[in-house]
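Heavy atoms only: backbone and side chains are in, while hydrogens, waters and symmetry mates are out.
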Amino acid sequence: MFKILKKEELAKSVKRLEVEAPDIVKNASCGQFVVVIADEKGERIPLTLADWDKDKGTITLIFQEVGFSTKKLGSFNVGDNIAHILGPLGHPTQVKKAGEVICIGGGVGIAEVYPVARAFKKAGNKVVGIIGARSKDILILEKEMKETCDELEITTDDGSYGRKGFVTDILKERLKDKPALVYAIGPVAMMKAVSEATRGPAIKTVVSLNPILVDATGMCGSCRCRVAGKTVFGCVDGPDFDGHEVDFEELQKRLNLFTQQEKQAMGLNK
Amino acid sequence: MKNSDNAKMRQQLPEERVKNFFEVALGLNEEEALKEAKRCLACKNPQCVLGCPVGVDIPAFIKLLAEGKRKEALEKIKEKNNLPAVCGRVCPQEDQCEALCVLAKKKFAINIGALERYAADLEMGQTFKPKAGPKTGIKVAIAGSGPAGLTTAADLAKMGYSVTLFESLNLPGGVLSYGIPEFRLPKKIVEREVDYIRSLGVEIKTDYLIGRTLTVKDLFGQGFKAIFLGLGAGLPQFLGIEGENLDRVYSANEFLTRLNLMKAYKFPEYATPLNIEGKVAVIGAGNVAFDCARWAMRLGKEVTLVYRRSESEMPARKDEIENAREEGLKFSLLTQPVKFISDEKGYVRAIECLKMKLGEPDASGRRRPVPVENSNFIIEANTVVVAIGQSPNPLLSKATPELKINPDGTIAVDEKLMTSIPGVFAGGDIITGADTVIKAMGAGKKAAKEIDQWLKKSR
């Protein structure tokens with residue numbers, strides 16, 4: 001059992017939980033994720049580690065309530081226990097000094113890019129953050145990203161805050177500075193657009209994939225993705241991959257597999 | 001039943017069982033068990049024991065049963081076998097103990113599996129706590145709570161070691177929990193067997209992936225003096241053909257894990273879904289393939305088993321093949337899939353296949369399937385389960401570079417089951433490749449003995 005120590009609503013339907021998980025923090029690193037099962041009848045859902053505190057033995061999870069299980073998790077309060085958390089999982093992001101690194105987060109992906117940006121900064125890079133959301137009311141972690149990045153750019157789809165448009169609009173302008181690396185995490189369409197933008201100028205681009213998975217230990221193959229024409233397992237071979245090699249269309253199709261079932265679960269649990 | 005017949009277990013009728021998720025085999029009642037036990041000749045040199053990977057004293061427990069001493073019979077079995085209710089259900093006795101029974105040559109072998117199950121099921125709702133040896137105060141860690149890990153843990157605990165069993169999934173049991181379906185091995189039975197292991201003093205920690213949550217080095221750092229790796233063969237094999245990543249193409253592991261471990265058959269009461277639609281094709285013919293096919297039939301689907309050889313080469317247990325046939329499974333034999341065909345939304349809708357014929361025997365002794373040229377044909381399938389085998393799980397070996405691996409991905413061990421890291425032992429499918437529950441248990445027993453010897457020597 002994993003006790004919730006702190007709960008916060010970061011934006012509309014975006015929750016932050018600080019959870020007691022002393023054995024998970026020991027080997028935790030940026031870019032890794034955990035699998036969470038809310039209660040004994042719950043499903044296994046992956047959540048990127050948004051933060052962790054090795055001294056306190058806690059991890060921070062940030063998620064948007066979009067489906068049955070994230071809503072269930074969001075209904076938990078301080079003092080409640082999460083039934084199961086497995087992690088840290090996946091390979092840590094490869095962080096080294098490279099020069100200028102652009103870290104892009106879209107939507108709740110901002111929570112996931114935050115520790116990556118922090119690690120690149122700590123490794124001595126110039127870090128440019130570009131974060132985007134649909135609108136101002138669901139933009140998260142602006143303050144944290146501002147403190148971490150050398151420069152921070154913000155976009156909203158509807159123009160309610162920052163610049164109107166997409167993260168790629170700003171990315172394209174910044175590419176003339178020839179960054180050493182672009183790291184992107186967020187919706188599939190965003191990661192695809194980022195990878196397309198950097199393909200021409202041949203700027204190394206790493207994306208963190210979010211396929212559906214079950215065990216997350218390499219056992220079920222639910223998370224298989226096509227990268228460089230080969231099938232890989234997102235959970236154990238990733239989650240970070242070369243954005244120029246990822247088959248995003250296949251990833252998006254595979255993410256749609258349970259849309260119908262999700263609706264059913266939501267309907268029955270209104 | 002004629003006097004010479006062996007006691008065949010009663011089963012749920014096919015037309016009934018295919019509509020529920022309950023156990024197919026119903027076990028023996030007292031009268032049947034007594035009668036069967038009394039058929040045993042109590043051979044002076046019992047051959048059956050030689051066929052048992054964990055060396056159960058079969059004639060002795062059967063004699064106790066025949067005398068009406070069911071509890072004593074169970075205790076006799078448990079001297080060697082920590083999971084009798086599991087083995088009585090899923091062991092291939094027909095290839096092991098029962099194949100060597102002298103009665104097998106004359107009429108019918110003793111139904112040893114059914115008798116083991118009968119003895120074990122006495123524990124429904126109660127456990128008999130065995131005596132553990134004096135505590136040594138020495139800590140041993142076990143990674144993986146499948147049949148190998150559970151057995152090693154139990155035997156070491158009985159020797160007085162302080163054993164902690166780490167499991168990456170949310171429930172213990174390994175393949176017993178995620179792999180074998182409810183209708184062959186009810187999860188209540190697995191829970192009961194695991195409770196017995198706990199009652200020996202074994203601490204079970206779920207949600208620990210050794211290699212990630214804690215490394216081998218971390219475990220030694222925490223004071224564990226020896227480590228056993230019972231990681232299993234968890235890596236699903238795929239065909240490597242076009243369209244294999246289409247939606248509703250599942251590996252057997254995913255299909256079974258959703259249903260068995262996560263209880264997708266009770267969705268949405270349980271939150272894990274399974275998207276299964278239209279006609280179902282299961283590729284492969286091992287026990288795992290039949291488990292998938294029989295699950296799909298229980299979910300109301302029309303199911304075809306696609307296999308590249310003929311029925312006589314099928315690796316599955318004969319009984320399970322027969323059970324599946326009775327339940328309405330269709331077969332497309334001598335059939336090799338070459339491509340999965342997509343609908344307009346990215347879901348599988350059909351499989352393009354080739355007809356095969358049998359050629360010369362291959363390394364396994366079975367006749368090799370050879371494609372018939374230009375024999376391409378289509379099997380309609382809206383859901384596909386690929387059940388062509390599992391390989392050793394590579395996660396821990398990748399995370400532990402000092403651990404020596406064989407070319408086939410199995411962990412290299414010496415004759416004492418010790419790996420290239422002193423104090424780290426391995427056994428079960430992770431050293432042999434996918435095999436049976438009982439062979440993994442055999443390896444677990446041997447590992448416990450070797451670990452004990454090694455710890456005594458290095459103290």
For this session: Answer with side chain, backbone, both or neither: which region of A:K26 has an atom nearer than 4.5 Å to a non-hydrogen atom of chain B?
Result: side chain
Problem set entry | Which of A:I24, A:I85, A:D215 touches chain B most, by non-hydrogen pairs under 4.5 Å | A:I85
Problem set entry | A:D240 backbone acceptor or donor facing A:S208 side chain under 3.5 Å | no
Exercise. Within 45° of the axis and under 6.0 Å from the centre of the six-membered ring of B:Y347, does NZ or CZ of B:R349 qualify?
Worked result: no
Exercise. Got a second to check how far A:F2's CZ is from A:I37's CD1, nearest 0.5 Å?
Worked result: 9.5 Å
For this session: Let me know if A:S69 has heavy atoms under 4.5 Å from chain B in its side chain, its backbone, both or neither.
Result: side chain
Problem set entry | Contact origin within B:S168 toward chain A - heavy atom pairs under 4.5 Å | both
Exercise. Of B:D218, B:T213, B:T215, which meets side chain to side chain donor-acceptor pair (under 3.5 Å) against A:N27?
Worked result: B:D218
Exercise. Between B:F238, B:Y178, B:F267, B:F255, which shows the greatest number of heavy-atom pairs under 4.5 Å with chain A?
Worked result: B:F267
Exercise. Is it the backbone or the side chain of B:L395 that comes under 4.5 Å from a heavy atom of chain A, or both, or neither?
Worked result: side chain
Exercise. Which word best sums up how the rings of B:F166 and B:F224 line up, parallel for under 30°, tilted for 30 to 60°, or perpendicular for over 60°?
Worked result: perpendicular
For this session: For chain A, find which of B:E269, B:K263, B:K398, B:R248 contributes the most heavy-atom pairs closer than 4.5 angstrom.
Result: B:E269
Exercise. Only one of A:K56, A:K7, A:K3 clears side chain to side chain donor-acceptor pair (under 3.5 Å) with A:E18; which?
Worked result: A:K56
Problem set entry | Side chain / backbone / both / neither for B:N170 at chain A, heavy atoms under 4.5 Å | both
Exercise. When you look at NZ of A:K54, are more than 12 heavy atoms from neighbouring residues, nucleotides or ligands closer to it than 6.0 Å?
Worked result: yes
For this session: State whether the number of non-hydrogen atoms from other residues, nucleotides or ligands found under 6.0 Å of A:K15 atom NZ is greater than 12.
Result: yes
Exercise. What option among B:L274, B:D247, B:N253 has the most heavy-atom pairs under 4.5 Å with chain A?
Worked result: B:D247
Exercise. Chain A: which of B:G346, B:A399, B:P273 shares the most heavy-atom pairs with it under 4.5 Å?
Worked result: B:P273
For this session: Examine whether an atom of A:Q32 lies under 4.5 Å from a heavy atom of chain B, and if so say whether it belongs to the side chain, the backbone or both; otherwise answer neither.
Result: side chain
List, one per line, each side-chain donor-acceptor pair under 3.5 Å for residues 220-236 of chain A, sequence neighbours excluded.
| residue | atom | partner | partner atom | Å |
| --- | --- | --- | --- | --- |
| A:S222 | OG | A:I212 | O | 3.2 |
| A:S222 | OG | B:E254 | OE2 | 3.1 |
| A:R224 | NE | B:N245 | OD1 | 2.9 |
| A:R224 | NH1 | A:G221 | O | 3.0 |
| A:R224 | NH2 | B:E244 | O | 2.6 |
| A:R224 | NH2 | B:V249 | O | 2.8 |
| A:R226 | NE | A:E250 | OE1 | 3.2 |
| A:R226 | NH1 | A:G229 | O | 3.4 |
| A:T231 | OG1 | B:N245 | ND2 | 3.2 |

Problem set entry | Leading residue by heavy atom contact count with chain B [cutoff under 4.5 Å; candidates A:A83, A:A38, A:G90] | A:G90
Problem set entry | Pick from B:D207, B:L169, B:T272 with the largest number of heavy-atom pairs that fall under 4.5 Å of chain A | B:D207
Exercise. Should the pair A:D39-A:K72 be classified as a salt bridge under the 4.0 Å nitrogen-to-oxygen rule?
Worked result: yes
Exercise. Is it the side chain or the backbone of B:Q237 that comes within 4.5 Å of chain A heavy atoms, both, or neither?
Worked result: neither
Exercise. Is it the backbone or the side chain of A:L89 that comes under 4.5 Å from a heavy atom of chain B, or both, or neither?
Worked result: both
